[in-house]
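Encoded as structure tokens, the structure appears first; notes follow it.
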2 protein chains.
Amino acid sequence: MKLTTVQQKLVLHWGEMGTRWGISRTVAQIHALLYFSPEPLPADEITDVLQVARSHVSNSLKELQTWGVVGVVHVMGDRRDHFQALKDVWQTFEILLDERKRREIDPTLKILRETAAMMAEDKTTADVFTKERVDEMLGFMESVDAWYGEVRRLPRAARVKLVTLGAKLSQLLR
Amino acid sequence: MKLTTVQQKLVLHWGEMGTRWGISRTVAQIHALLYFSPEPLPADEITDVLQVARSHVSNSLKELQTWGVVGVVHVMGDRRDHFQALKDVWQTFEILLDERKRREIDPTLKILRETAAMMAEDKTTADVFTKERVDEMLGFMESVDAWYGEVRRLPRAARVKLVTLGAKLSQLLR
DNA sequence: CTGTAATTACGGTATAAACTGAAATTTCAC
DNA sequence: GTGAAATTTCAGTTTATACCGTAATTACAG
């Protein structure tokens, strides 16, 4: 199997962007490869095309499967697993966002809650200023967190509408 | 100067989270230090507290200033620059989001636009499937990009409302 | 102009993470 | 059960980048 120029460009770019999204380059490349590939690919093929260690492909695929953006299918007369990426773009990015929130927001929220609780208890604290900053930061994060949870609980169509509506939202806010 | 236990915890946590936000640990620590500190700090003080090279503090401060989340003030009878963090949490995170969009979305959007244009021109392309995937991905990204731009252009109060309204938005979408 | 204090530039080092490759383990057709 | 083929594990290597420390430069008070 050989990649077209376009596919190659996309795979390489995805890899580079992956690192900025907190995803390792190879994992992102594999995802791109599967997403832009017409048919599901076996691990060997991925190894060939991307020129990375077989074991690494295996582990990366596992990671992508854990997230749910890649799945396994089987081909008649072929014992090997074949992998395909989720083709639904919205869902793919929602999964990615969830993951990022889990890693980038939730831990901070936890620390801020702990800290705020601790400071509220401790009456002797002379450091009123820091307390205020913690409370403000916590308030902000709680808002964002609650908002995300609510949006996430909406039926998907509503969520899509929320984005595609765009400018019209500003009118609703009057 | 000495940090309270709480401040130390916050600074260390911020540093760790920073790396997940695509910000170097020290830069994030400096930001936390300034944000949670009652008064503006000179660079020397930061060097002392965080135990990092003076030059590194200088460069990190410059980066934070470039983003606009840290500013300089002067203290009477003191020649040195004193630094303070923006105390407005919303604005701080909006700046951060802008930066991330610039680094994580815009380049991909560019590539996808180029690719889609290229594929649209090339009638001979046998790879119809990849073309579809590119178009879908591009469509999605354009929506998100346009939405972000519009929200960003709203008066800030509306933007805050958008988040704090939360669940009520779902009713508006009926 | 002079001396002090700060920033900037930059080659070198340390560290964390990705990646390799071989060995151990599991899976599954027969 | 047996053997082939895949996956998983893991110690070792490579690579990227944060960070250091010196040296050069700039800024400015006196």
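Side-chain atoms are counted along with the backbone in the values below, which use heavy atoms only and exclude waters and symmetry mates. Reminder, nothing fancy here: chain letters follow the sequence lines and each chain counts from 1.
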Check: B:Trp14 ring centre within less than 6.0 Å of B:Phe36 ring centre: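 Yes.
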Looking only at C:dT20, D:dA18, D:dG21, the nucleotide nearest the A:Val52 side chain is C:dT20
Nucleotide of D:dA29, D:dG21, C:dG21 approaching B:Arg79 most closely (side-chain heavy atoms):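 Among the listed nucleotides, the one closest to the side chain of B:Arg79 is D:dA29.
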Please work out if B:Asp44 contacts a base, only the sugar-phosphate, or nothing of the nucleic acid, heavy-atom cut-off 4.0 Å. sugar-phosphate
Just checking B:Gln51: base, sugar-phosphate only, or nothing, at a heavy-atom cut-off of under 4.0 Å?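 Sugar-phosphate, no base atom in range.
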May I ask you to evaluate whether B:Thr26 reaches the phosphate of D:dA18, defined as a side-chain N or O under 4.0 Å from OP1 or OP2? no
Between atom [atom1] in [X] and atom [atom2] in [N], what is the gap in whole Å?
| X | N | atom1 | atom2 | answer |
| --- | --- | --- | --- | --- |
| A:Arg80 | C:dA29 | CZ | C1' | 15 Å |
| B:Glu63 | C:dT8 | CD | C1' | 15 Å |
| A:Asp81 | C:dC28 | CG | C1' | 11 Å |
| A:His56 | C:dA22 | NE2 | P | 17 Å |
| B:Asn59 | C:dG11 | CG | P | 14 Å |
| A:Leu50 | C:dC19 | CG | P | 10 Å |

Heavy-atom nearest nucleotide on DNA chain D for B:Ser55 versus A:Leu61: which residue maps closer to 5'? A:Leu61
Nearest heavy atom decides the nucleotide; on that basis, is B:Ser58 or B:Arg25 closer to the 5' end of DNA chain C?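 Mapping each residue to its closest nucleotide by heavy atoms, the 5'-most match is B:Ser58.
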Under 30°, 30 to 60°, or over 60°: which ring-plane class applies to B:Phe93 and A:Phe140, parallel, tilted or perpendicular? parallel
Using 4.0 Å as the upper bound for N to carboxylate O, is an ion pair formed by B:Arg152 and B:Asp145? no
Before accepting this row, confirm whether a basic side-chain N of the pair B:Glu150/B:Arg153 lies closer than 4.0 Å to the acidic partner's carboxylate O.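 Salt bridge absent between B:Glu150 and B:Arg153.
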